[in-house]
Amino acid sequence: MLSLLHIENIAIIESADISFDGGFNVLTGETGAGKSIVIDAISAVLGERTSRELIRTGAKSAVVNAVFTGSLPAKWLEDNGFPVTDEELMLQREIQGDGRNACRVNGRPLTVAQLRELGRQLLNIHGQHDGQQLLDPDCHLGYLDSFGKTGPLLEDYQTAYRSMASLRKRIAELEMDEAERSRRVDTLEYQIKELERAELRPGEDEELDARKTLLRSSGKLMEAIQEAQFALSGGEDNQGACDLISEAEGAIRSVTRLGPQLEELGEKLTNLRYAADDAAEVLRDFADEFDFSPEELDRLESRLDVIYRLKKKYGPTVADMIDYLERSKAELEQIQDADDTIQRLEKELEKAKKEAAKRGAALTKARKKAADNLQKRVQEELHQLDMPKVQFVTDFAPSPGQDSMDDTGMDQVQFLMSANLGEALKPIQKVASGGELARIMLALKNVLAEDDGIGSLVFDEVDTGVSGRAAQKVAEKMADVARRKQVLCVTHLPQIAAMADTHFSVEKGEKKGRTFTNVARLDREGRVEELARLIGGAAVTDVLRQSASELLEQAEAYHNKK
């Protein structure tokens, strides 16, 4: 469960520490006091999408810490390289003014995506937007799959479906009309002949560029070689370095017996003579082999011009052009053999269709079984929420995709309901009022949360449109859920607030010209005052306090009875 929430510089909250208990926790306060900011802070520390606009005006960054205790997601922690402890898990997220985020788990860094994965295994947040999802038929299949735990069957089906879709795509690419096919064949044949005539070799352009540079610098090159040869080998009237080193070597060799240092010096001069002779030999070979002619430079530049023009058509390097040639040959062969290939692929497609249909049927069967259980469970929940006459049904229709299949399966699913006895079943978005929608969503969320392994639920003003007897039933349902899981609820309803095990008041005030929010845990006297305010507004009277006390006593009686 969520034990502690620390908030710094989030919107109008400068600093707040909230210690939550197990069971039913409620936050109440005036509109705009900052209740939803607490929920925004929880969302942020769980890795959900947020914005730097959340940072309090004048602050450089915002920080949220959350401490979770109890049963922790050990497998996820192990798989992601985090030490597993049986004590507590501290999540931290710092949102900086430049938009960057720093996230940590027990002091160790992780990415926002990892934080989101972990957060979704610790706590679920249900807000007012969930009601809009319930009105969207595109979301209904996801609710059903979540309840029925059909994920493995859906993955099996999607593997087969993607294989089938890939075959369809390949066949469509081959089934071009005759005129288009003929044009493509002509284009490919022309391009293949042009590239084959060029007789390209890998790396040829680089070799030719290097040779061209050499030839264009031939005069300077030969001048440098001749100077080097003269320096090493000398001329008719001058000795070169090779001869001078040889003389030095002979002079030292004649006196090496006079000391070991002279012997060592003689060896060095011998090695130096060998090196000079080798260098002179290399220069002679290079000068003999170097053959420059203007005709070679012309041929080389013509060849480079051909390669340049081909590069503009087929790729930036010779290797790219050779690869294009091979691909063109393969495509031409494929088009020429298209009829045979299509026949082969169509046989494969029939097998893939049957496999996808088989897996899709297994998925549909599992979904229909889950739908029966879902309808039964939701009906039970709605009965407890004072909606005994409402009928809730999951309607199945064939998928609108080709062959009644798409990426989600073979089913189009929609929730139907009848709000009153004798009325026909209709799409839920057409008949549900605001209060009915809130209770249906609460029922659905409660059913889905039963076996999800997540220990904490947050409800952010999901009681919109609910009042009177229905509000009391919603309060009792949340209290029942809180016996199995920790529940945090933001509410304006006194019936729900009275049912809480722990009650927090969120108040907005001003200090030194700045707005701030304070979150305080209420004792019984404070709860009476807050409930009186919720019942009657700002002007709290003794009559309202008496009503609030009675509401608390009724809630305590309900808890004792359970």
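Only heavy atoms go into these numbers, but all of them, side chains included; no hydrogens, no water, no symmetry mates. Counting from 1, the numbers follow the sequence of the chain as shown.
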Any chance the side chains of [X] and [Y] put a donor and an acceptor closer than 3.5 Å?
{"X": "T28", "Y": "H503", "answer": "yes"}
{"X": "Y157", "Y": "D407", "answer": "no"}
{"X": "E8", "Y": "H6", "answer": "yes"}
{"X": "S399", "Y": "S404", "answer": "no"}
{"X": "E550", "Y": "Q546", "answer": "yes"}
{"X": "D395", "Y": "Q414", "answer": "no"}
{"X": "N65", "Y": "Q92", "answer": "yes"}

One thing to verify: whether [Y] and [X] come together as a salt bridge, which I'm taking to mean a side-chain N less than 4.0 angstrom from a carboxylate O.
{"X": "R524", "Y": "E556", "result": "yes"}
{"X": "K354", "Y": "E350", "result": "no"}
{"X": "K376", "Y": "D372", "result": "no"}
{"X": "R533", "Y": "E30", "result": "yes"}
{"X": "E380", "Y": "R377", "result": "yes"}

State whether the side chain of [X] and the backbone N or O of [Y] hold a donor-acceptor pair below 3.5 Å, judged by distance alone.
{"X": "D501", "Y": "F24", "value": "yes"}
{"X": "D406", "Y": "T408", "value": "yes"}
{"X": "R93", "Y": "A44", "value": "yes"}
{"X": "K60", "Y": "Q96", "value": "no"}
{"X": "S549", "Y": "R545", "value": "yes"}
{"X": "R56", "Y": "F516", "value": "no"}
{"X": "Q114", "Y": "T111", "value": "yes"}
{"X": "Q486", "Y": "D21", "value": "yes"}
{"X": "E88", "Y": "V67", "value": "no"}
{"X": "R116", "Y": "E48", "value": "no"}

Say you draw a straight line from [atom1] of [X] to [atom2] of [Y]; how long is it, rounded to the nearest 0.5 Å?
{"X": "Q472", "Y": "L493", "atom1": "CD", "atom2": "CG", "result": "10.5 Å"}
{"X": "T517", "Y": "K508", "atom1": "OG1", "atom2": "NZ", "result": "7.0 Å"}
{"X": "R367", "Y": "F396", "atom1": "CZ", "atom2": "CZ", "result": "7.5 Å"}
{"X": "S456", "Y": "L2", "atom1": "OG", "atom2": "CG", "result": "6.0 Å"}
{"X": "L551", "Y": "R527", "atom1": "CG", "atom2": "CZ", "result": "9.5 Å"}
{"X": "L122", "Y": "E117", "atom1": "CG", "atom2": "CD", "result": "12.0 Å"}

Kindly indicate, with the supporting measurements, whether the criterion salt bridge (Lys or Arg N to Asp or Glu O under 4.0 Å) is fulfilled by E355 and R359.
CA-CA 6 Å; E355 184 62 26; R359 298 186 187 187; 2.7 Å; yes
Do the side chains of [Y] and [X] get nearer than 4.5 Å, heavy atoms only?
{"X": "L363", "Y": "M410", "answer": "no"}
{"X": "L115", "Y": "L46", "answer": "no"}
{"X": "I39", "Y": "V458", "answer": "yes"}
{"X": "D40", "Y": "I42", "answer": "no"}
{"X": "F147", "Y": "T394", "answer": "no"}
{"X": "L118", "Y": "L89", "answer": "yes"}
{"X": "L5", "Y": "F20", "answer": "yes"}
{"X": "V105", "Y": "M90", "answer": "no"}

Check step by step if side chain to side chain contact (heavy atoms under 4.5 Å, CB included) holds for F504 and I18.
CA-CA 9 Å; F504 296 92; I18 311 173; 3.6 Å; yes
Closest heavy-atom pair and its distance - [X], [Y]:
{"X": "A555", "Y": "A498", "result": "CB-O, 3.2 Å"}
{"X": "A479", "Y": "M499", "result": "CB-CG, 3.3 Å"}
{"X": "I95", "Y": "S51", "result": "CG2-O, 4.3 Å"}
{"X": "G34", "Y": "V506", "result": "C-CG1, 3.8 Å"}
{"X": "A497", "Y": "L534", "result": "CB-CD1, 3.9 Å"}
{"X": "G29", "Y": "H492", "result": "O-CE1, 3.8 Å"}

Any idea how F392 and F415 line up, ring-wise: parallel (<30°), tilted (30 to 60°), or perpendicular (>60°)?
tilted
For the side chain to side chain donor-acceptor pair (under 3.5 Å) test, which of K477, K473, R469 pairs with D386?
R469
Pair V447, L374 - check side chain to side chain contact (heavy atoms under 4.5 Å, CB included), show working.
CA-CA 8 Å; V447 169; L374 180 63; 4.0 Å; yes
Between D480 and R483, does a side chain to side chain contact (heavy atoms under 4.5 Å, CB included) hold up when you go through it step by step?
CA-CA 5 Å; D480 292 343; R483 290 187 173 88; 2.7 Å; yes
I would like to know whether R484 and N446 meet side chain to side chain contact (heavy atoms under 4.5 Å, CB included); could you show each step before the answer?
CA-CA 11 Å; R484 303 190 309 273; N446 187 31; 2.9 Å; yes
